[in-house]
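Only one structure is covered here, and it is reproduced in the block below.
Letters A, B, ... are given to chains in the order of the sequence lines, protein chains preceding strands, and every chain is numbered from 1. Computed over heavy atoms, backbone and side chain alike; hydrogens, waters and symmetry mates excluded.
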Number of protein chains: 2
Amino acid sequence: MAAGAASPRERYRSQVRAEIKERAWQQIATAGASGLSLNAIAKELGMSGPALYRYFGGRDELITELIRDAYRSLADTFRAAAGSGGGLPGLARALRGWALEDRQRYFLVYGTPVPGYHAPEDVTLIAREIMSALLEVCAAAGTGSAAPDSFDAHLADHGQWAGDHAYPPAVLHRALVFWSRLHGVLSLELAGHFTGMGFDPDLLFAAEVERLTAGD
Amino acid sequence: MAAGAASPRERYRSQVRAEIKERAWQQIATAGASGLSLNAIAKELGMSGPALYRYFGGRDELITELIRDAYRSLADTFRAAAGSGGGLPGLARALRGWALEDRQRYFLVYGTPVPGYHAPEDVTLIAREIMSALLEVCAAAGTGSAAPDSFDAHLADHGQWAGDHAYPPAVLHRALVFWSRLHGVLSLELAGHFTGMGFDPDLLFAAEVERLTAGD
DNA sequence: CATGTTTGTTATAGCTTCTAACGCAAGCAA
DNA sequence: TTGCTTGCGTTAGAAGCTATAACAAACATG
């Protein structure tokens, strides 16, 4: 975007910022988001503590940046999957692949929220973008064979979140069910609640996708 | 149990321990588990910092204790619901009620795990107890109308986690689907991913329970 | 060349967890 | 009742963290 032609100073600056974020991802991967230490990152980069504050306003700002990148990455993955004609199974595969690629990144988006934290405006916009791609695929996949229930009736009156496109309630319902069911399996799997049970979570995921595409 | 007749010293000790845990729950409710501060708790109780270490080995031990209590509470809730004949809808209601009662408690059980953390033995035993109650209700509810799929075949070979009772694969599958789907909705709702969308998460939950009981 | 901006430094405040050493007081026993 | 033991709470301190302030050096630009 705007990172092409810039002054050498800005080039250096953005490169250091990127390096900081890279170390931050490494730390998060091994110690979780709560274990991220600016001091440790600074030492790893060979500079001393407060130097990092030239690049990020503080710990919260750095984490917010990582969250934004995580959302962006998921949105791009969804956009690509939605555009490649794989339908709902393709989208599901993309989601699972993205989740397994970096579980801490998944938790940054869908993990336990910090009570005080409020996501900045642009992050909620990316979230809308993700939802939009999902709705698009759901609409293309048809309404399926599930009979309309009371929730569909509710959605007919409370479906403004889908944006401009006036999707039928069945499509909205399908999208919400796709989202919550696959998140349910992925979340439990990534959190390790299936470990030691012996079965393959991938097959449970596949079975849910199966029922999802076969009219719920 | 063993807390009935005890020396006055032990009575005092367990009372202080309980008070500490109560304050800890309050703190977690407002600042999340990562924002729990032993120092702040000590000050609230009128004693100074290191005194808490007479009652808990440290921050990790206190949090582990809270996690254990959360698991215990969920297990008791499940046991009661399983015994009261409400079937799967009753169990689902109980789960939702328990989750909404204290969202941070839910996150302590099903939230983002800390990479290094390993749950102690007894917690995994309580987790098994929870699964056992769920399986019991699933078995009583019948196998439903869902046709056996490849995951059922897989479960026939990998269903040892159900314990002694040799439940049929369909029952195991039903339990896993009950668990993951309801967790999916609850997790997204409690994390606030539905806020601003306008629809009622309770109705989505109810719709999922509906499809869960009506043969998937 | 001079001037202003940006970067990195050290010093410092204030917070955290946690260990160590000490004094006091409560409970138990002879 | 007199002592002894055990446990509780204290202060002091080490090591870590975030974050700010003040300063020095390097850099880019007039």
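- For B/Arg13, the CZ atom sits in a packed shell: over 12 heavy atoms of surrounding residues, nucleotides or ligands are nearer than 6.0 Å.
- One can place CD of B/Gln27 at 12 Å from C1' of C/dT16, the figure rounded to the nearest angstrom.
- A salt bridge does not link A/Glu10 with A/Arg17: every distance from a Lys NZ or Arg NE/NH1/NH2 to an Asp or Glu carboxylate oxygen is 4.0 Å or more.
- Side-chain contact between B/Phe151 and B/Leu172: absent, with no pair of heavy atoms (C-beta onward) separated by less than 4.5 Å.
- Listed here is the closest heavy atom pair of A/Gly90 and A/Ala81: O-CB, 4.3 Å.
- For residues 102-113 of chain B, the salt bridge (Lys or Arg N to Asp or Glu O under 4.0 Å) pairs, not counting sequence neighbours, are B/Glu101-B/Arg105.
- With a cutoff of under 4.0 Å to any heavy atom of chain A, the contacted region of DNA chain D is bounded 5' to 3' by D/dC17 to D/dA28.
- Listed here is the closest heavy atom pair of B/Pro115 and A/Thr30: CB-O, 3.5 Å.
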Restricting both atoms to N or O, compile the protein contacts to nucleotides 5-8 of chain C shorter than 3.5 Å, with distance only.
residue, atom, partner, partner atom, Å
C/dT6, O2, A/Arg9, NH2, 3.4
C/dT7, OP1, A/Arg13, NH1, 3.4
C/dT7, OP2, A/Arg13, NH1, 3.3
C/dG8, OP1, A/Tyr12, OH, 2.9
C/dG8, OP1, A/Tyr55, OH, 3.2
C/dG8, OP2, A/Tyr55, OH, 2.5
C/dG8, N7, A/Arg54, NE, 3.1
C/dG8, O6, A/Arg54, NH2, 2.3

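- Counting heavy atoms from C-beta outward, A/Leu182 and A/Leu212 have side chains that approach closer than 4.5 Å.
- Contacts of residues 61-69 of chain B with DNA chain D (heavy atom under 4.0 Å): none.
- Ring planes of A/His193 and B/Tyr110: tilted class, angle from 30 to 60°.
- Checked for salt-bridge contact, A/Glu129 and A/Arg72 meet the test: a charged N lies under 4.0 Å from a carboxylate O.
- The ring pair (Phe, Tyr, Trp, His ring centres under 6.0 Å) test applied to B/His165 returns B/Tyr167, not counting sequence neighbours.
- Using a 4.5 Å heavy-atom threshold, the side chains of A/Asn39 and A/Lys43 count as separate.
- Under a cut-off of 6.0 angstrom, the local environment of CG in B/Asp69 is crowded, with over 12 non-hydrogen atoms contributed by other residues, nucleotides or ligands.
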Check nucleotides 18-20 of chain C against the protein and report each pair of N or O atoms closer than 3.5 Å, with its distance, or say if there are none.
residue, atom, partner, partner atom, Å
C/dC18, OP2, B/Tyr53, OH, 3.2
C/dC18, OP2, B/Arg59, N, 2.7

